[in-house]
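Structure record follows, encoded as structure tokens.
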There are 2 protein chains.
Amino acid sequence: MLSMRAHANSAPPNSGCVHRYGYGVRILVATCTVDYVGRLTAHLPAAQRVIMVKADGSVLIHADGGSYKPLNWMSPPCSLKEKEAEAEEDHALWLVENKAGEQLRITIHEVQHDSAHELGIDPGLQKDGVEAHLQVLLATHVNVLGDEWSLVRREFPTAIGPVDLMCKDANGGSVAVEIKRRGEIDGVEQLTRYLELLNRDPLLAPVSGVFAAQEIKPQARTLAEDRGIRCVVLDYEALKGTEDPSLRLF
Amino acid sequence: MLSMRAHANSAPPNSGCVHRYGYGVRILVATCTVDYVGRLTAHLPAAQRVIMVKADGSVLIHADGGSYKPLNWMSPPCSLKEKEAEAEEDHALWLVENKAGEQLRITIHEVQHDSAHELGIDPGLQKDGVEAHLQVLLATHVNVLGDEWSLVRREFPTAIGPVDLMCKDANGGSVAVEIKRRGEIDGVEQLTRYLELLNRDPLLAPVSGVFAAQEIKPQARTLAEDRGIRCVVLDYEALKGTEDPSLRLF
DNA sequence: GGTTGTATCTCGGCT
DNA sequence: AGCCGAGGTACAACC
């Protein structure tokens, strides 16, 4: 019944019916057909592929190309039932199913490789350079947006969500700032909704808008400027260069 | 210089400096540290992971959990340079780089498994049940939207892109229909832009709007109805059940 | 090649 | 648990 053991370098000769959780990654290279029935239906004709089964039961079917996305897969948590090939048949059937009833049926025709490996817990990825960091950086350098500008607060709350930065310009006027890594139409629409709402508040109005991003797509710029929103392209490296080390996220 | 051979079941004992394209998948299980420098910077501390190198040079770093997304990766096309561990050092360095100058540096501390496999070309995934199919189905059943409605055309062209369906209601009024699998705010904004444009055309105006989806998020519904756009939840299975077999996409 | 819109998106944060 | 926004989004279709 045990389909793999910790630190095993190859799969046991008589692999069982149920995949056990917590025993590492199993890697198969095999000719297989795969059918997914769930949020959509999809079918993979017979071909040689890499099948990876992770400790949480999730399954990935990779071809020798494409990017990191598998041809087909099942996300955890899910259960894997393995039916051994019968004597007169030349294939095994794996039935992978999750709580929502989505199914992955893998028919294994010929196995080229089969091994299992214990990996342990991963410390995880450390990121830098994303929107959250841009927001922190710009919040400490609102002068980039205009002389004598000051920060009111980050994540300024509104009924439809927080505005990235709320500032005061040199004349004391309120300015809502939307920050993106890449400025596209969606971001302009988002800022527009904020501005419409904020300008209904007599204590704040008039509120002007700034759309700030490392890169602003032409269509987004056109839409923004047509609505009286100023566009500012941010230089991440320059902002980072002037950064006070004590303000670092990491 | 040759790092793997076709149909090899294990990596050659003296793997070289350059990964050769077109020779299948290489799978490593090893303790490694990984650094990505590109659109962001990211770091993976030392841990045991699965490293998959595909024929096109792309690299995937998988942990024993999470979903199909690798912890870190490099998309093709890219080149992989492998520097052998020197005698007194206990690690090898892989340098993966793409045309844009993004880099993945993989330091291999200890190898638990190393094998290569020729897979051949994959016939690819056959899908069903996506938005294109919903559009075809609804186009043939516009009566779902209202009695005596008729289809003017699918993909009705406008200056800012095609409207999914253009219909006439029982009174001969024009109706623009936006179809999504999941109806969210973006879809409402998209339809709003179409309606604004279409209503500037005196030959068409007035044009009303229908937002049709298998599932409509509350915020999207609120926004749509506030703008006078009717929301319709589609039953995919019911539409499919009444389908003329000759109209199938597949 | 750039742009647009979808995705079995995935992933994280927050309510 | 659901909702919402961001992503090294990836990916395909279309212009």
Side-chain angles (χ1 to χ4, degrees), chain A residues 34-43 58-61 66-76 78 96 98-104 124-125 127-135 155 157 160-162 164 178-182 184-187 189-190 213-214 217-220, chain B residues 35-42 58 61 65-76 78 98 100-104 124-125 127-135 155 157 159-164 178-187 189-191 193 213-222:
Chain A
V34 184
D35 284 278
Y36 168 76
V37 179
R39 283 168 279 187
L40 56 71
T41 60
H43 173 74
S58 59
V59 179
L60 288 64
I61 317 281
S67 191
Y68 67 67
K69 194 175 175 182
L71 290 167
N72 221 328
W73 71 94
M74 183 62 75
S75 302
C78 55
V96 190
N98 71 5
K99 301 291 176 184
E102 298 172 78
Q103 277 191 351
L104 200 63
L125 189 67
K127 283 188 183 184
D128 185 13
V130 286
E131 184 186 323
H133 205 173
L134 264 185
Q135 193 188 98
E155 303 286 347
I160 55 172
D164 288 338
E178 177 65 33
I179 303 170
K180 296 287 180 193
R181 198 177 62 75
R182 289 191 317 186
E184 302 183 9
I185 276 184
D186 285 358
E189 298 285 14
Q190 192 182 343
Q214 280 184 276
K217 292 292 171 75
Q219 294 206 353
Chain B
D35 284 279
Y36 166 75
V37 179
R39 281 168 279 186
L40 56 71
T41 60
S58 58
I61 316 281
S67 191
Y68 69 66
K69 194 176 176 180
L71 291 167
N72 222 330
W73 72 93
M74 184 62 75
S75 302
C78 57
N98 69 5
E102 298 172 79
Q103 277 190 351
L104 200 64
L125 190 68
K127 285 187 183 185
D128 185 12
V130 285
E131 184 188 321
H133 205 171
L134 263 184
Q135 194 189 95
E155 302 286 348
I160 56 173
V163 176
D164 288 339
E178 178 66 32
I179 303 169
K180 297 284 182 196
R181 196 177 63 76
R182 288 193 314 187
E184 302 183 10
I185 276 184
D186 286 359
E189 297 286 12
Q190 190 184 344
L191 179 54
R193 288 195 295 273
Q214 280 185 274
E215 176 195 353
I216 296 180
K217 293 293 171 75
Q219 293 205 352
R221 177 181 292 275
T222 303

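These figures come from a predicted structure and were not determined experimentally. Throughout, a chain's letter reflects where its sequence line sits, starting with A, and its residues are numbered from 1.
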**Message:** Below the 4.0 Å mark, does C:dT10 have OP1 or OP2 next to a side-chain nitrogen or oxygen of A:S75?
**Reply:** yes
**Request:** Verify the contact: side-chain N or O of A:R39 to OP1 or OP2 of C:dC9, cut-off strictly under 4.0 Å; return yes or no.
**Result:** yes
**Message:** Holding to side-chain hydrogen bond (donor to acceptor under 3.5 Å, both in side chains), I want the full list of residues that pass it with B:S67, two or more places apart in sequence or in another chain.
**Reply:** A:S75
**Prompt:** Taking atom C1' in both D:dG8 and C:dC14, what distance in whole Å separates the two?
**Reply:** 24 Å
**Message:** Roughly how many Å apart are C:dT8 and D:dA6, using the P atom of each and rounding to a whole number?
**Reply:** 22 Å
**Message:** Both B:S67 and A:G38 contact DNA chain C. Taking the nearest nucleotide for each, which residue is further toward the 5' end?
**Reply:** A:G38
Starting at [atom1] of [X] and ending at [atom2] of [N], how long is that distance when rounded to a whole Å?
{"X": "B:K69", "N": "C:dT8", "atom1": "NZ", "atom2": "C1'", "answer": "16 Å"}
{"X": "B:L40", "N": "D:dA6", "atom1": "CG", "atom2": "C1'", "answer": "12 Å"}
{"X": "B:L191", "N": "C:dG5", "atom1": "CG", "atom2": "P", "answer": "12 Å"}
{"X": "A:E184", "N": "C:dG2", "atom1": "CD", "atom2": "P", "answer": "14 Å"}
{"X": "B:R193", "N": "C:dT3", "atom1": "CZ", "atom2": "C1'", "answer": "13 Å"}
{"X": "B:N98", "N": "D:dG8", "atom1": "CG", "atom2": "C1'", "answer": "10 Å"}

Does [X] reach a base, just sugar-phosphate, or nothing at all? Heavy atoms under 4.0 Å.
{"X": "B:M74", "answer": "base"}
{"X": "B:L125", "answer": "base"}
{"X": "B:Y68", "answer": "sugar-phosphate"}

**Request:** Would you please classify the geometry between the A:Y68 ring and the B:W73 ring as parallel, tilted or perpendicular, with 30° and 60° separating the classes?
**Result:** perpendicular
**Asked** Can you name the nearest heavy-atom pair linking B:G66 to A:S58, along with the distance?
**Response** O-OG, 3.7 Å
**Message:** Rounded to the nearest 0.5 Å, what separates atom CD in A:Q135 from atom CG in A:D164?
**Reply:** 5.0 Å
